[in-house]
Amino acid sequence: MAYTKEDIIRLVHENDIEFIRMQFVDIFGQLKNVAITASQIEKAVNNQIMFDGSSIEGYTRINESDQYLYPDLNSFTIFPWLTEHGKVARMICDIYNPDGTPFVGDPRGTLRQVLKRANNMGFDTFNIGPELEFFLFEMDERGRATTITRDEAGYFDLGPLDHGEAARRDICLNLEQMDFEIEASHHECAAGQHEIDFKYTDALDSADKIMTFKLAVKSLARNHGLHATFMPKPIFGQAGSGMHINMSLFKDGKNVFYDENGERGLSTLAYQFIAGLLLHVKGFTVLTNPLVNSYKRLVPGYEAPCYRAWSASNRSALIRIPASRGQATRVELRSPDPSCNPYLAIAACLAAGLDGIEKGLMPPPGITENIYEMDHETRSMHGIDALPTSLHQAMTEMRHDPLIMDVLGEHISSHYLNGKQKEWDEYCTRVSSWELDKYLVIY
């Protein structure tokens, strides 16, 4: 729905909305907001709400801190679960400098730039269908998160084994009130693990929805006395949480990945897009898998891909082509996890695919065998190598990929890598519970 400024002002008054959250995202994917009262809505829709950018990591220095929130009017929505102290609505914002120019450190702006590049190449729409997994854990008597779950369910199980079913149902119903089209909701492999899939939409809207989804899941889980986490690998020995990204590219309203006469029903453009993803995936892994913990998910044995390969059906491959054809033809990247900044992750995926198209690249043959069961020699024979195995290695790969560095720009790339280096250094010097369990008594 396309809203005007007048529409927003009217909706705020007609719905007795008392607070509006002006939301934006920092470079590490953390949701931020400036909350205003309904009396400030005219200023808000006229781009007059200011905030201190120096307080946000990766934004501006203290001597140039003033920045402005330009709300995307079409992102206006009311939070159904926040009514106790007056209704609350939100608008997602782009960040601008005082001189009216877009701020180069705004992740939403980064995605906009890559989408513009796709438009300049003749493509109308880049659709994204995300699949987010998360865990629901109990909280202790002080309201702190634990890793305890009394859930005994497995893949697709129902209650009473699935103790999170009521919370998951509540999440779906609230999201539908916010115009999400929920396609599937089910228990995942691990105890306490869940997945909710919502319908694909254009890339910018999909990234916005991912951020809204994570906020809704965390907020509504707490209403059920549970803690929701999108941490990639919270429990040793259990499957981690992924965020598979399904991608499709359109021109003149037609899916350019589909060719009824092509091998496997795929077009040359689809193969070129796949080749671009394979070429640059190491370089953007630090964006799709941004935490130290992310690399404890990307290991053999838990269905998460850890090798660079593609397949038309093989779920052990990094890139899979789901069976649907026609307008539903899509490329599924299976490595990302839900801790990522969706704007930067999607921007990198699109840029990589477009690079494959521009250069006319073609991927190696698809892999039909189970990659996890191959030995090193067999993988080498097929030209299959591993994704980065640590945050440190992933940072190095990004530094060596000029395309990804260019997509992010100097401001975001430098701040992002600096922040991740601090995270890695802290991890390397922190004494872990494993070390204490292993060494404290015997040495």
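- Under a 3.5 Å cut-off, the side chain of S311 and the backbone N or O of I367 do form a donor-acceptor pair.
- Judged as a side chain to side chain donor-acceptor pair (under 3.5 Å), the pairs with a partner in residues 214-235 (not counting sequence neighbours) are, in order, D170-H224.
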Test side chain to side chain contact (heavy atoms under 4.5 Å, CB included) on I210 and M243; report intermediate values, then the result. CA-CA 10 Å; I210 289 169; M243 187 184 80; 4.1 Å; yes

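- L277 and C349 make their closest contact through CD2-O, 3.5 Å (heavy atoms, listed as atom of the first residue, atom of the second, distance).
- Distance CZ/F126 to CG/L111: 9.0 Å, rounded to 0.5 Å.
- A89 and F76 get closest at one heavy-atom pair: CB-CE1, 3.6 Å.
- A donor-acceptor pair is defined here as one N or O able to donate and one able to accept, closer than 3.5 Å; no such pair exists between the side chain of N418 and the backbone of H415.
- Side-chain contact of T125 with N127: a donor-acceptor pair under 3.5 Å is absent, judged by distance alone.
- You'll find the side chain of L403 stays beyond 4.5 Å of the side chain of L279, heavy atoms only.
- Taking the side chain as every heavy atom from C-beta outward, S241 and Q193 approach each other to under 4.5 Å.
- Classification of E332 and R334 as a salt-bridged pair holds, one side-chain N sitting under 4.0 Å from a carboxylate O.
- For the atom pair OH of Y68 and CZ of F51, the computed distance is 11.5 Å after rounding to the nearest 0.5 Å.
- Nearest heavy-atom pair across W81 and N174 is N-OD1, 3.7 Å.
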With side chain to side chain contact (heavy atoms under 4.5 Å, CB included) as the test, would you mind laying out the steps for T285 and Y295 before giving the verdict? CA-CA 10 Å; T285 293; Y295 299 86; 3.5 Å; yes

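- Annotation: side chain of Y343 is in contact with side chain of D208 (closest heavy-atom distance under 4.5 Å).
- Within the 4.5 Å cutoff, the side chain of W310 has heavy atoms near those of the Y271 side chain.
- The closest side-chain heavy-atom distance from M91 to D72 is not below 4.5 Å.
- The closest donor-acceptor contact from the side chain of E133 to the backbone of G242 lies under 3.5 Å.
- A donor-acceptor contact under 3.5 angstrom links the side chains of S294 and D337, judged on distance only.
- When atom types are taken as modelled, the side chain of D106 and the backbone of I95 share a donor-acceptor pair closer than 3.5 angstrom.
- Remark: Y427 OH is loosely packed, at most 12 non-hydrogen atoms of other residues, nucleotides or ligands lying under 6.0 Å away.
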Using atom types as modelled, flag every donor-acceptor pair under 3.5 Å from a side chain in residues 433-443 to any protein atom, sequence neighbours excluded.
| unit_1 | atom_1 | unit_2 | atom_2 | d |
| --- | --- | --- | --- | --- |
| E435 | OE1 | S432 | N | 2.7 |
| E435 | OE1 | S432 | OG | 3.0 |

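- In this structure, R144 contributes its side chain and E141 its backbone to no donor-acceptor pair below 3.5 Å.
- To the nearest 0.5 Å, atoms OG1 (T389) and CG (L298) are separated by 9.5 Å.
- Considering all non-hydrogen atoms of both residues, I20 and A38 come closest at CD1-CA, 3.8 Å.
- Residues I196 and R168 approach most closely at CD1-CG, 3.7 Å, considering heavy atoms.
- R399 CZ to S414 OG: the interatomic distance, rounded to the nearest 0.5 Å, is 10.5 Å.
- A donor-acceptor pair is defined here as one N or O able to donate and one able to accept, closer than 3.5 Å; such a pair exists between the side chain of T146 and the backbone of E138.
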D401 vs F284, test: side chain to side chain contact (heavy atoms under 4.5 Å, CB included). Steps then yes/no. CA-CA 8 Å; D401 192 319; F284 65 66; over 6 Å; no

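- Heavy-atom minimum distance, T288 versus C340: O-CB, 3.6 Å.
- Side-chain contact between K209 and F180 is present, with at least one heavy-atom pair separated by less than 4.5 Å.
- Contact of the F19 side chain with the T37 side chain is registered, since non-hydrogen atoms from C-beta on lie closer than 4.5 Å.
- Side chain of R325 to main chain of R264: a donor-acceptor pair is present (N/O by atom type, distance under 3.5 Å, no hydrogens or angles).
- Using a 4.5 Å heavy-atom cutoff, the side chains of Y258 and Q327 are not in contact.
- Side chain of N15 to main chain of I17: no donor-acceptor pair is present (N/O by atom type, distance under 3.5 Å, no hydrogens or angles).
- By the 30° and 60° cut-offs, the orientation of the rings of H411 relative to F103 is perpendicular.
- Between D94 and R108, at least one side-chain N (NZ, or NE/NH1/NH2) sits under 4.0 Å from a carboxylate O, which counts as a salt bridge.
- Look at D425 and K422 and you find no salt bridge, because none of the NZ, NE, NH1 or NH2 atoms lies under 4.0 Å from a carboxylate O.
- Using a distance-only test at 3.5 Å, with no hydrogens or angles considered, a donor-acceptor pair links the side chain of N255 to the main chain of T329.
- A distance-only check finds a donor-acceptor pair linking the side chain of R90 to the backbone of S75 [under 3.5 Å].
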